[in-house]
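Working notes for the structure below.
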Number of protein chains: 2
Amino acid sequence: MRNHRAWEIYQAHAEFCKTFSHPVRLAILDGFREGEKTVSRLVSETGATQSTVSQQLSLLRKLGIVRTRREGRLVYYKLVDQRVLKAYDLVDAVVRETRMGQAKILA
Amino acid sequence: MRNHRAWEIYQAHAEFCKTFSHPVRLAILDGFREGEKTVSRLVSETGATQSTVSQQLSLLRKLGIVRTRREGRLVYYKLVDQRVLKAYDLVDAVVRETRMGQAKILA
DNA sequence: GATTATTAATTCGAATATTCAGATATCTGC
DNA sequence: GCAGATATCTGAATATTCGAATTAATAATC
């Protein structure tokens, strides 16, 4: 690659976007709008198995996107940085726009 | 999944983000700021092999993100919808911010 | 119009990564 | 110890990535 500086940004950007490229992770992140949540609540809200939710949360934690707090038997997860939701919303708007555009084309 | 409507959006959102979750694709998309480009130009600009660039372009075309135009032996690719770059820039800003934040933490 | 060179697309297989859920382990409060 | 909540391990299935090799399309030249 020619431009190393740019390439590093492409890498970081790509890694960041991988976070958003899975529906369960998106559902989890979306759920954090209402503040911190327990694993079991995320399980029931997403409909995924406990194992799957826990693994995705573990991934998000490894990436430094969420942080945990234990209270008794419950573990609360929350977003570290609200800007993640900012990015989420911006992309979401584009997705909805373009989907509407496609729907219009199909009609 | 409980909420089907929301789930479909999560799926679409995730698919959309997959587009951005690969550095070569990002480099290609970024390159389209300067307008349409030939495959060979994208090859030399990204440093990836012709095969790889062509495959990624083929993927982007299948997703309806780029369109092609043939002129002699050259094939020009261009973005269909500039909003893709809008989304790109918005996420990019967040990535750069958070990276700077991490650099500050590390220092 | 056959041949050759150039550009791009496709095919193929190997390597790697991701996703998922069942099973099991860990942690905590009772 | 027991029950509930969460984490981790494991293997199977699937998806992604990559480049070498091949094929296809077009232009230029003879």
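Convention: sequence-line order gives letters A, B, ...; per-chain numbering from 1.
- Nucleic acid contact class of A:Ser54 (heavy atoms, under 4.0 Å, all strands): base.
- When heavy atoms are screened at a 4.0 angstrom cut-off, B:Arg61 is found touching the sugar-phosphate backbone but no base atom.
- For the 3.5 Å distance criterion, the side chains of A:Gln55 and A:Ser51 qualify, holding a donor opposite an acceptor.
- Taking 4.0 Å as the cut-off between side-chain N and carboxylate O, A:Asp89 and A:Arg96 do not count as a salt-bridged pair.
- In this model, the phosphate group of C:dT18 is not approached by any side-chain N or O of B:Lys18 to a distance below 4.0 Å at OP1 or OP2.
- Here A:Val80 sits alone; no ILVMFWY side chain lies under 4.5 Å from its own, so it joins no hydrophobic cluster.
- A salt bridge between A:Arg41 and A:Glu34 is present, with a side-chain N of the basic residue lying under 4.0 Å from a carboxylate O of the acidic one.
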Nucleotide N/O to protein N/O under 3.5 Å, stretch nucleotides 1-4 of chain C:
none

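- Judged as a side chain to side chain donor-acceptor pair (under 3.5 Å), and not counting sequence neighbours, the contacts of A:Glu71 are A:Arg69.
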If a protein heavy atom is under 4.0 Å from the base, mark B; if only from the sugar-phosphate, S; if neither, -; do that for nucleotides 22-30 of chain C going 5' to 3'.
B-----BS-
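- The side chain to side chain donor-acceptor pair (under 3.5 Å) search around A:Arg70 returns none, not counting sequence neighbours.
- The side-chain tip of A:Arg25 does not point at the ring of B:Tyr10 from less than 6.0 angstrom away and within 45° of straight on.
- Legend: residues meeting side chain to side chain donor-acceptor pair (under 3.5 Å) with B:Thr38, ordered by chain and number and at least two apart, are B:Ser40.
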